[in-house]
There are 2 protein chains.
Amino acid sequence: MNLSFNIENFINDFESNCHKVKKRVFSKNEVITSYIEKRNQFCILVNGNADLVRYDLNGNRTIVEHFSTNDIFGEVFYTVTTNNELLVEAREKCEVLIYTYDDIHTKCRTNCKFHQKLSECLPELILNKVTDLNMRVELLTKRSIRDKLLGYFSLLSTRTLSKTFSLPFSLTDLADYLSVDRSAMMREIKVLKEDGFIEKEGNKITLLYK
Amino acid sequence: MNLSFNIENFINDFESNCHKVKKRVFSKNEVITSYIEKRNQFCILVNGNADLVRYDLNGNRTIVEHFSTNDIFGEVFYTVTTNNELLVEAREKCEVLIYTYDDIHTKCRTNCKFHQKLSECLPELILNKVTDLNMRVELLTKRSIRDKLLGYFSLLSTRTLSKTFSLPFSLTDLADYLSVDRSAMMREIKVLKEDGFIEKEGNKITLLYK
DNA sequence: ATATTTTTGTTGCTTTTGCAACAGAAAAAC
DNA sequence: GTTTTTCTGTTGCAAAAGCAACAAAAATAT
């Protein structure tokens, strides 16, 4: 993610200077925020892991996005409608900076160091988010469960620079992330093992093809 | 899309000042660019309509993104791998600004007006792209063809502020955009008509539910 | 104006995916 | 350390989606 800024400095800067940013700590399974129209919240995950989840009318749960350290989220990135209830849930202890986006241009012309730094780094932070979202779209447009799994595994393999890697999700969550039925996904994982595409031990996957 | 900058000024500014940005015109069906690792191309669609398409090994075509006036694209937003051939194809005559992103910070400290303007507006342009991508993810995570269609129609209805709207795609392209089989999609449209959810006349759709 | 290509609409059949239900393993809570 | 909850793994059956193929309509090219 080679970001050219250090988020730790962020925290020190804003604590002495800025009253518009709040730092909050959330424990596992807590709801960090829910997306509400026109509030324009903008959040930075300083550390931890969290998911943006949606529950639809059929009771399906979807993990819309998965966030880890330095990821940004909030309704400022989302066209909120009444059809979708969106919650950001902490998967483990999370430290979060919460800010109201309002108008980045006017905010950043105050003398506050935090906003100076933010406006400087925002393009890079958002660019990072865009590439994440594009990879997500790429995965979701795959036509079969098999291709989604292989695509996701290959992504993790590339990221970790290794043929063996552990899943950052439980299998239940992975199904919700790939937007498929869990039992159908389990069946497909079994077939992938039988066909010699992958090996699986606990939550560790090894790719057997080059 | 209420952007606080005018892209027309962009064009005038850079033509007199900047040698690093090229403006090019493409005719219908021309390939505007293909995504190639490490080239870091960044493009602004000044006007026209274009699609980012992927052809997979099974011969499936996917419309990954659809671009219209003021949308931005290029491999700077994409983690390009050898598994995916990605082309941006003009749907109609398109005017495009093509720029190499390289390092936005150093570029923008020259005296070139274009880069000043660009760095100023970039967060807003990208933010717009992020909300588009999030809507796309929302659509793609719907579990059935029916829900994808209804979700997409509802989106168009919201955008046009009307229950009746025309599709910006042919039905063939719509299937590639929703990432589903065309004949299955046609069947589902028929069912939606029979069930009284929609009306369809040519490429105009009317939503019959509130 | 006519020929060619693309798009729309449809259908029968096959394959994939989803649903429901359950048992054992693992993890978390008490 | 025992209980409770969540997660994994599996299966039979039902429903949905994909595939192939074709004809008619519409759009585009010549």
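Letters A, B, ... mirror the listed sequences (proteins, then strands); counts begin at 1.
- Distance, L178(A) CG to dT16(C) C1': 16 Å, rounded to whole Å.
- Put simply, CG on L149(A) is 13 Å from C1' on dT17(C), counting in whole angstrom units.
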- Under 4.0 Å protein heavy-atom contact, by nucleotide of nucleotides 9-19 of chain D - B base, S sugar-phosphate only: BBBB----BBB
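- A donor-acceptor contact closer than 3.5 angstrom links the side chains of Y78(B) and E138(A).
- Taking five base pairs at each end of the helix from dA1(C)-dT30(D) to dC30(C)-dG1(D), the local helix axes there meet at an angle of 70°, rounded to 10°.
- When each of K28(B) and T172(A) is assigned the nucleotide of DNA chain D with its nearest heavy atom, T172(A) is the one assigned upstream, toward the 5' end.
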- Task: Begin from the C-alpha positions of K129(B) and E65(B) and carry the test salt bridge (charged side-chain N to carboxylate O under 4.0 Å, His left out) through to its verdict.
- Result: CA-CA 10 Å; K129(B) 192 181 179 67; E65(B) 280 181 275; 3.0 Å; yes
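- Note: CD (E92(B)) to P (dA27(D)) measures 17 Å, nearest angstrom.
- Atom CZ in R61(A) sits about 18 Å away from atom C1' in dG18(C), given to the nearest Å.
- Nucleotide dC7(D) holds its P atom 14 Å from the CG atom of L167(A), rounded to whole Å.
- For the pair R91(A) CZ and dC7(D) C1', the interatomic distance rounds to 14 Å; values are reported in whole Å.
- Within a 6.0 Å sphere centred on CD of E194(B), other residues, nucleotides and ligands contribute more than 12 heavy atoms.
- Residue pairs meeting the side chain to side chain donor-acceptor pair (under 3.5 Å) criterion with at least one partner in residues 179-189 of chain B, sequence neighbours excluded, are R143(A)-S179(B), R146(B)-E188(B), D181(B)-S183(B).
- Nucleotide dC7(D) holds its P atom 15 Å from the CD1 atom of I189(A), rounded to whole Å.
- Applying side chain to side chain contact (heavy atoms under 4.5 Å, CB included) to L192(A) and the options L207(A), I145(A), L150(A) leaves one that passes, L150(A).
- Not a single donor-acceptor pair under 3.5 Å links the side chain of N47(A) to the backbone N or O of T69(A).
- F42(B) and F73(B) have their aromatic ring centers separated by at least 6.0 angstrom.
- The side chain to side chain donor-acceptor pair (under 3.5 Å) test with T33(B) is passed by exactly one of E89(B), E75(B), R39(B): R39(B).
- Under a cut-off of 6.0 angstrom, the local environment of CD in E30(B) is crowded, with over 12 non-hydrogen atoms contributed by other residues, nucleotides or ligands.
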